[in-house]
Amino acid sequence: MTIIDGKATAAAIKAEIKQEVDRIVAQGGKRPHLAAVLVGHDGGSETYVKNKVLACEACGFKSTLLRFEDTITEAELLQTVERLNADADIDGFIVQLPLPRHISEQRVTEAIDYRKDVDGFHPVNVGRMAIGLPAFISATPLGILTLLQRYNIETRGKKVAILGRSNIVGKPMAQLMMQKQYGDSTVTVLHSHSLNLQEECRQADIIIAAMGQPAFVTADMVKPGAVVIDVGTTRVPDPTRQSGFRLQGDVDFESVSSLCSAITPVPGGVGPMTICMLMLNTLKAGKKEVYV
Ligand code: GUN
């Protein structure tokens with residue numbers, strides 16, 4: 001049984017990105033520049049954004065963090081987006097989600113210039129990806145695809161069960177896995193109202209669990225030898241930890257790891273790849289590789 005090491009894979013890819021950035025800069029090119037907008041003081045968002053800034057440093061990127069209190073109005077935030085759209089030095093930027101309730105995440109996402117949308121959340125990128133055109137692909141699905149590739153896990157023709165249908169993981173993951181140029185798999189998307197969910201899972205060669213239900217996938221749902229990708233990161237109380245919580249995946253690692261052929265741990269599996277793929281998208285934005 002292989003433990004798919006997302007932390008090591010992400011570190012290797014970030015080192016490759018750094019090498020390329022060094023080469024670009026040595027040849028007189030522009031250092032990629034990522035900006036991140038953080039509204040409010042949500043604990044999870046603070047951690048994510050801090051890690052994104054650190055990843056920029058590791059990759060040799062320039063980074064800018066714009067912080068706002070959660071009293072910022074939607075109009076003010078939209079003005080900030082417009083300013084970032086117009087700033088020629090900024091290659092790509094993200095607005096960390098979730099946003100406060102009085103701000104429409106959809107309006108903000110759609111205000112971002114799709115050519116700078118390194119999160120791949122803008123409808124233009126989502127749509128272009130879905131029809132196989134060059135696009136920024138959202139980081140979590142791209143990270144999973146990259147892990148499967150780097151671990152030489154065959155996806156062509158395989159049965160893939162995706163649990164969860166969110167806009168940022170389940171749906172784009174299904175699109176990528178079904179497309180000839182990416183997964184080339186047979187895809188089933190399962191969700192809270194799926195009938196025979198357990199049975200569908202048992203038939204899958206690859207299970208991608210992304211519904212945010214701690215330890216939902218148990219051994220009886222997994223075909224022996226299947227590959228299991230765990231996207232869940234729910235904070236569950238843990239009095240033995242200094243923080244008072246630990247991250248629990250959507251997979252019951254204990255029971256499932258003994259019968260699958262490969263599995264991603266939580267933490268250290270999909271999570272580190274997500275930020276790494278944001279860096280890769282930023283490099284592509286800097287190189288004008290997706291859009292001229
Ligand atoms: N919140 C949780 N994940 C993400 C992400 O990948 N991008 C942004 N912008 N916000 C998030």
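In each ligand, atom 1 is the first atom listed, and ligand 1 is the first ligand listed.
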Would you sort out whether N281 and L283 count as a side-chain contact (heavy atoms from CB on, under 4.5 Å), showing the intermediate values?
CA-CA 5 Å; N281 280 346; L283 176 65; over 6 Å; no
Pair I17-L280, side-chain contact (heavy atoms from CB on, under 4.5 Å): steps then yes or no
CA-CA 7 Å; I17 294 173; L280 199 58; 4.0 Å; yes
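Considering every non-hydrogen atom in both H191 and L197, the closest pair reads O-CD1, 3.6 Å. Residue V53 comes nearest to S63 through the heavy atom pair CG1-OG, 3.7 Å, listed as atom of the first residue, atom of the second, then distance.
Using a 4.0 Å cut-off between charged nitrogen and carboxylate oxygen, D113 and R115 count as a salt-bridge pair.
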Could you check ligand 1 for N or O atoms lying under 3.5 Å from protein N or O atoms and list the pairs with distances?
{"from": "ligand 1", "atom 1": "1 (N)", "to": "Q96", "atom 2": "NE2", "distance (Å)": "3.2"}
{"from": "ligand 1", "atom 1": "1 (N)", "to": "L97", "atom 2": "O", "distance (Å)": "2.9"}
{"from": "ligand 1", "atom 1": "7 (N)", "to": "D119", "atom 2": "OD1", "distance (Å)": "3.2"}
{"from": "ligand 1", "atom 1": "7 (N)", "to": "D119", "atom 2": "OD2", "distance (Å)": "3.3"}
{"from": "ligand 1", "atom 1": "9 (N)", "to": "V95", "atom 2": "O", "distance (Å)": "2.9"}
{"from": "ligand 1", "atom 1": "9 (N)", "to": "D119", "atom 2": "OD2", "distance (Å)": "2.6"}
{"from": "ligand 1", "atom 1": "10 (N)", "to": "Q96", "atom 2": "NE2", "distance (Å)": "3.4"}
{"from": "ligand 1", "atom 1": "10 (N)", "to": "L97", "atom 2": "N", "distance (Å)": "3.0"}

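Here V266 is tied into one hydrophobic group with L247, each link being a pair of ILVMFWY side chains closer than 4.5 Å.
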